[in-house]
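These numbers come from the heavy atoms of this one structure, side chains and all, not from hydrogens, waters or symmetry mates.
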Amino acid sequence: MTITAKLTMRDRLQVWLPKLVLSPSLALTLVFVYGFILFTAYLSFTDSRILPSYGWVGWENYVKLFSLRHWEVAVTNMAVFAVLYMAICTAIGLMLAILLDQKIRGEGILRPIYLYPMALSFIVSGTAWKWMLDPGIGLENTMHALGWVNFQFDWIKNRDFAIYTVVLAAVWQTSGFVMAMFLAGLRGIDNDILKAAQIDGASNWNLYRRICIPLLRPAFLSAFVILAHLAIKTYDLVIALTGGGPGRATELPATFMYSYTFTRNQMGIGAASATIMLMTIAAIMIPYLYSELRERR
């Protein structure tokens with residue numbers, strides 16, 4: 001009876017100990033993440049300005065938000081940025097993954113080089129790219145010093161092209177991470193399938209086009225979700241690189257939210273824009289999580 005009781009206590013301890021260890025982190029997450037998400041959603045229905053207030057105004061902030069030209073510009077910029085960012089990152093990541101999948105010499109050196117940008121913060125990347133693209137001290141100035149006096153690259157100062165400099169910096173930082181996802185997917189394909197296709201006379205081109213790439217569907221889906229999430233919440237890269245300018249040429253929803261909440265003292269409208277961003281991310285994440293759970297079952 002004593003041995004049985006001891007075993008029972010040990011089993012109970014093994015069950016409850018992880019829960020006790022994780023409970024403080026869970027409580028903090030519930031309060032400071034999900035609690036503040038709900039609080040932000042609540043503020044979007046109030047007349048909050050400099051500080052939170054509790055005067056209920058219903059959907060008024062959302063009506064004002066979608067009537068603002070500033071918000072329209074931010075959403076348009078995000079659409080341009082997101083489409084180019086996701087498409088280029090996916091293409092470059094897939095090409096690099098296929099290159100490294102050939103078991104080339106120096107793969108152990110190339111992989112860290114491609115992945116290194118992801119280890120940097122977006123603030124650091126934005127600042128470095130700002131220096132490189134600034135016509136006065138960066139690439140244009142260097143080319144002039146080398147004798148290419150007609151060379152011009154002032155995208156960062158040009159309203160029509162500034163958003164593409166943000167795309168350029170973001171792609172440089174993230175494409176290596178996408179490469180790692182695709183490379184893991186390629187290395188996970190059953191070698192028997194590939195050997196059978198090679199015996200049947202399939203070339204490398206057809207091997208990747210008809211077998212490998214279709215089998216990378218989960219990696220493509222994961223890349224889409226991660227890149228879409230990063231595109232929607234991009235803030236620090238824009239602030240470090242262009243500050244949202246020139247004018248509003250690189251304004252994105254995240255910078256709009258910060259500006260209206262903390263600079264323009266329109267906390268209700270800022271909270272409404274944050275809630276719209278959250279709903280957009282949820283619209284991407286929830287179907288993805290649902291499909292993952294359904295496949296596991």
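At least one side-chain heavy atom of Leu186 sits less than 4.5 Å from a side-chain heavy atom of Tyr208. Proximity of Pro52 to Thr46: side-chain heavy atoms (C-beta onward) are nowhere separated by under 4.5 Å. Between Leu133 and Lys157 the shortest side-chain heavy-atom distance does not fall below 4.5 Å. Side chains of Leu139 and Phe151 form a contact here, defined as non-hydrogen atoms less than 4.5 Å apart. Contact check for Tyr260 versus His70: side-chain heavy atoms found under the 4.5 Å cut-off. Tyr114 places a side-chain heavy atom less than 4.5 Å from the side chain of Leu100.
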- Task: Go through the steps to decide whether Trp71 and Ile269 satisfy the test side chain to side chain contact (heavy atoms under 4.5 Å, CB included), and finish with yes or no.
- Result: CA-CA 10 Å; Trp71 174 251; Ile269 294 177; over 6 Å; no
- List the steps, then state whether side chain to side chain contact (heavy atoms under 4.5 Å, CB included) holds for Asn158 with Thr165. CA-CA 10 Å; Asn158 191 320; Thr165 63; over 6 Å; no
- Stepwise, does the side chain to side chain contact (heavy atoms under 4.5 Å, CB included) test hold for Thr90 with Phe182? CA-CA 9 Å; Thr90 301; Phe182 285 135; 4.0 Å; yes
- Check against side chain to side chain contact (heavy atoms under 4.5 Å, CB included), Met78 and Ile232: CA-CA 7 Å; Met78 188 191 71; Ile232 292 170; 4.2 Å; yes
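The side-chain tip of Arg217 does not point at the ring of Phe220 from less than 6.0 angstrom away and within 45° of straight on.
Ring planes of Trp59 and Phe45: perpendicular class, angle over 60° (limits at 30 and 60°). Ring orientation note: the planes of Tyr42 and Phe39 are close to parallel, at an angle under 30° on the 30°/60° scale.
Residues Glu140 and Pro135 approach most closely at OE1-CB, 3.7 Å, considering heavy atoms. Contact between Pro246 and Ile156 at its shortest, heavy atoms only, is CD-O, 3.7 Å. Shortest non-hydrogen contact noted between Leu207 and Leu194 is CD1-O, 4.0 Å. The nearest pair of heavy atoms linking Leu115 to Ala180 is CD2-CB, 3.8 Å. Nearest approach of Gly244 to Val238, heavy atoms of both residues: N-CG1, 3.7 Å. Considering all non-hydrogen atoms of both residues, Lys130 and Ala240 come closest at CD-O, 3.4 Å.
A distance of 10.0 Å separates OG in Ser175 from CD1 in Ile88, rounded to the nearest 0.5 Å. Atom CG of Asp236 is separated from atom OG1 of Thr255 by 11.5 Å, given to the nearest 0.5 angstrom. To the nearest 0.5 Å, the span separating CG on Leu110 from CG on Leu99 amounts to 7.0 Å. Taking CE of Met118 as the start and CD of Gln173 as the end, the distance is 6.5 Å to the nearest 0.5 Å. Once rounded to the nearest 0.5 Å, the distance linking CG of Leu168 with CG of Leu241 reads 9.0 Å. Taken from CD1 in Ile213 to CD1 in Ile98, the straight-line distance is 4.5 Å, to the nearest 0.5 Å.
By the criterion of side-chain heavy atoms lying less than 4.5 angstrom apart, applied directly or through intervening Ile, Leu, Val, Met, Phe, Trp or Tyr residues, Leu65 is not grouped with Leu252; the two fall into different hydrophobic clusters. Trp131 and Phe153 are assigned to two separate hydrophobic clusters, defined by single-linkage of ILVMFWY side chains at heavy-atom distances under 4.5 Å. Using a 4.5 Å cut-off between side-chain heavy atoms of Ile, Leu, Val, Met, Phe, Trp and Tyr, with links allowed through other members, Ile163 and Trp155 fall into the same hydrophobic cluster. Under a hydrophobic-cluster definition in which Ile, Leu, Val, Met, Phe, Trp and Tyr are linked whenever side-chain heavy atoms come within less than 4.5 Å, directly or via other members, Ile92 and Leu227 are assigned to the same cluster. The hydrophobic cluster containing Leu237 also contains Trp172, counting ILVMFWY residues as joined when their side-chain heavy atoms lie under 4.5 angstrom apart, directly or transitively.
Ser53 and Asp47 are linked by a side-chain donor-acceptor pair at a separation below 3.5 angstrom, with hydrogens and angles left out of the test. When only modelled atom types and interatomic distance are considered, Thr174 and Tyr85 share a side-chain donor-acceptor pair under 3.5 Å.
One N or O on the side chain of Asn61 and one on the backbone of Ser44 form a donor-acceptor pair closer than 3.5 Å. In this structure, Asp101 contributes its side chain and Arg187 its backbone to no donor-acceptor pair below 3.5 Å. Under a 3.5 Å cut-off, the side chain of Thr261 and the backbone N or O of Met267 do not form any donor-acceptor pair.
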List, one per line, each side-chain donor-acceptor pair under 3.5 Å for residues 276-290, sequence neighbours excluded.
{"residue": "Thr280", "atom": "OG1", "partner": "Ile276", "partner atom": "O", "Å": "2.8"}
{"residue": "Tyr288", "atom": "OH", "partner": "Ser222", "partner atom": "OG", "Å": "3.1"}

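Within a 6.0 Å sphere centred on CH2 of Trp56, heavy atoms belonging to other residues, nucleotides or ligands number more than 12. More than 12 non-hydrogen atoms from other residues, nucleotides or ligands lie less than 6.0 angstrom from CG of Asp190. For CG of Leu30, the number of neighbouring non-hydrogen atoms (other residues, nucleotides, ligands) closer than 6.0 Å is greater than 12. For Leu146, the CG atom is densely surrounded, since the number of other residues' heavy atoms within 6.0 Å is greater than 12.
Connectivity analysis of hydrophobic side chains (ILVMFWY, heavy atoms under 4.5 Å, direct or indirect) links Phe262 to Tyr235, Ile239, Tyr258.
The side-chain contact (heavy atoms from CB on, under 4.5 Å) test applied to Ile226 returns Phe177, Met181, Leu230, not counting sequence neighbours.
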